[in-house]
Number of protein chains: 2
Amino acid sequence: MTNVHQDRGLTPVQEAGEVAPEPARPAAVSLHGEVLSRLRDFIVEGNLEGGARIPERRLCEMFGVSRTPLREALKVLASEGLVDLLPNRGARVREFSVSDVTELFDVMGGLEALAGRLACERITEAEFAEIERLHHEMYGAYLKRDMHAYFHANQLIHQAIVAAARNSVLSAAYATYAGRIRRVRYSANLASKRDRWAEAMREHEAILDALGRRDGSELSEILFRHLRNKEAAALDHLKGEAVALGAAEASS
Amino acid sequence: MTNVHQDRGLTPVQEAGEVAPEPARPAAVSLHGEVLSRLRDFIVEGNLEGGARIPERRLCEMFGVSRTPLREALKVLASEGLVDLLPNRGARVREFSVSDVTELFDVMGGLEALAGRLACERITEAEFAEIERLHHEMYGAYLKRDMHAYFHANQLIHQAIVAAARNSVLSAAYATYAGRIRRVRYSANLASKRDRWAEAMREHEAILDALGRRDGSELSEILFRHLRNKEAAALDHLKGEAVALGAAEASS
DNA sequence: TCCAAATATTTTGAATTCAAAAATGCCCTC
DNA sequence: GAGGGCATTTTTGAATTCAAAATATTTGGA
């Protein structure tokens with residue numbers, strides 16, 4: 001995966017007359033955009049230690065570009081909250097404290113509540129049917145204790161609700177914040193206890209019900225509380241991890 | 001051409017003659033940050049025609065910097081949604097369609113609803129007392145038909161609610177979206193009819209009441225509907241303006 | 001005169017260069 | 001041997017340079 005990056009042959013000097021074919025990616029029009037999305041993915045996927053200093057030069061080598069587009073990308077990522085820029089001291093991957101995660105979950109909850117409300121105003125029958133289908137798929141995964149399939153269907157449901165809200169500003173904001181907490185959220189789900197799982201399933205029943213009745217206020221309410229519960233589970237996990245880490249560090 | 005060095009030199013702030021001195025700002029440590037916040041303000045305040053092409057060189061002259069920090073600032077503003085970057089075609093101030101404004105107001109409504117809910121959990125007595133004071137101040141302005149004072153107190157109340165939510169991610173998001181719609185929102189308030197004004201005042205009574213009872217769900221509900229009503233007023237105004245503009249352009 | 005092709009100019013995207021700030025290492029003192 | 005100041009190296013911030021793309025202008029032809 002990482003060698004895809006190096007192999008890409010995006011050499012700073014355009015020595016090769018013909019452009020290498022790259023049908024997979026939609027071929028960003030600018031190096032800036034290319035570097036931005038690759039670096040964002042790279043960070044979101046957890047390939048860089050949080051808090052560690054990242055020399056620009058190393059990243060330039062990694063992506064095979066000069067510092068100009070890389071630095072542009074870093075400024076954008078800083079404005080997205082993924083990176084900290086210390087003046088004259090370089091960039092580092094932002095570390096999230098417990099309170100940061102709390103804040104992010106609350107904002108996600110607010111956005112999902114909004115999405116639910118708007119979705120009730122605008123959702124089509126076809127969209128609702130698709131969500132219903134995903135819900136049953138998720139329920140099947142729950143019965144089979146297939147965590148991965150459950151998690152996947154769950155994500156698709158929440159995404160479908162956001163999409164049904166038909167608000168591009170909301171979608172963009174949702175994507176940004178989802179990216180920030182993706183790592184902690186995923187591992188929290190993996191570690192979630194069975195009882196939380198059952199509870200989450202019940203909440204999803206209520207979500208589908210409110211959506212079916214197009215009751216925006218109620219769906220909004222349920223979604224916010226649903227996220228609050230996810231938040232609690234994630235924080236349990238995060239605190240356990242912090243303790244474990246601290247112990248490991250103390251013993252080493 | 002070499003005097004760019006000297007011109008910009010040690011005083012990037014004082015350089016551009018037409019910009020008023022602003023000692024309030026904490027003097028950004030980097031040119032990038034300085035250019036970013038000045039350009040953002042410049043756009044938000046409506047000094048650039050929407051949709052018009054903005055050559056980088058002109059902006060460089062205006063701010064007295066080279067293209068590097070300016071281009072970095074443009075990328076960040078593009079990610080904030082204030083600017084459109086057309087590949088190989090330069091930057092232009094983003095134009096907001098009616099549906100863009102609708103989307104922005106809905107997101108603002110979602111954020112305010114969230115702020116209200118969180119504020120009910122966390123607000124102190126002192127903060128509530130201050131909001132109460134602002135409310136009565138606003139009511140006084142309403143009775144005196146002092147639009148400007150009313151608008152000011154109104155803004156402060158909403159800001160105070162967001163602040164009481166104690167969520168920096170929320171505050172940052174709120175500030176970003178508020179910046180995007182500031183112009184249209186202000187002019188809409190100026191143009192709002194008297195009956196909308198009375199209605200808004202009644203809504204604010206309900207806001208204060210729900211906040212006093214720390215009823216997060218209800219406050220959330222009221223705030224979202226309050227923003228929806230603001231949205232309707234703003235859209236009325238916007239459509240009227242569009243018609244007037246179209247007529248003016250047709251006749252010129 | 002008007003349109004279109006060819007050429008010249010401008011503007012953009014990105015690499016390179018240069019100065020200043022920070023980090024590193026060295027030596028000296030204690 | 002430890003700590004502190006000074007020189008060296010590295011890294012960052014920002015200007016400049018250069019090539020490619022886009023835009024404007026000129027020219028040729030009907």
Of all the nucleotides listed ([options]), which has the minimum atom distance to the side chain of [X]?
X     : options                : value
A:E56 : D:dA15, C:dA15, D:dT12 : D:dT12
A:R53 : D:dA14, D:dT12, C:dA15 : D:dT12
B:P55 : C:dA15, C:dT12, C:dA14 : C:dT12

In this structure, how many angstroms lie between the [atom2] atom of [N] and the [atom1] atom of [X], rounded?
X     : N      : atom1 : atom2 : answer
B:L86 : C:dT11 : CG    : C1'   : 13 Å
B:R67 : C:dA15 : CZ    : P     : 13 Å
A:L85 : D:dT11 : CG    : P     : 17 Å
A:L36 : C:dA14 : CG    : P     : 12 Å
A:R92 : D:dT11 : CZ    : P     : 14 Å
A:L74 : D:dA14 : CG    : C1'   : 15 Å
B:I54 : D:dA22 : CD1   : P     : 19 Å
B:N88 : D:dA22 : CG    : P     : 5 Å

Taking atom types as modelled, find out whether A:Y174 and A:Q159 have a side-chain donor-acceptor pair closer than 3.5 angstrom.
->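 Their side chains do not contain a donor-acceptor pair, so the 3.5 Å distance test is not met.
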Between A:P87 and A:T68, which is nearer to the 5' end of DNA chain C once each is assigned its nearest nucleotide?
->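 Nearest-nucleotide comparison on DNA chain C picks A:T68.
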Give a yes/no verdict on a cation-pi contact between A:R117 and B:F224, requiring under 6.0 Å between NZ or CZ and the six-membered ring centre and an angle within 45° of the axis.
->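 Ring-cation test returns yes.
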Have a look at B:R58 and say if it touches a base, only the backbone sugar-phosphate, or nothing, with a 4.0 Å heavy-atom cut-off.
->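 Contact class for B:R58: none.
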Short side-chain to backbone donor-acceptor contact, B:N154 and B:F151, under 3.5 Å |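 Such a contact is absent between B:N154 side chain and B:F151 backbone.
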Give a yes or no on whether B:R122 atom CZ has more than 12 heavy-atom contacts from other residues, nucleotides or ligands under 6.0 Å away.
->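 Check passes, neighbour count above 12.
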Please state whether the phosphate of D:dT12, meaning OP1 or OP2, lies under 4.0 angstrom from any side-chain nitrogen or oxygen of A:R89.
->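 Answer no for this pair, as no side-chain N or O of A:R89 is under 4.0 Å from OP1 or OP2.
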Would you indicate, yes or no, if D:dT12 has its OP1 or OP2 atom less than 4.0 angstrom from a side-chain nitrogen or oxygen of A:R57?
->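 Answer no for this pair, as no side-chain N or O of A:R57 is under 4.0 Å from OP1 or OP2.
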Is any N or O donor-acceptor pair between the side chain of B:S66 and the base of D:dA14 shorter than 3.5 Å?
->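 There is none.
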Test side chain to side chain contact (heavy atoms under 4.5 Å, CB included) applied to A:R166 and B:D106, step by step = CA-CA 11 Å; A:R166 298 192 206 302; B:D106 275 350; over 6 Å; no
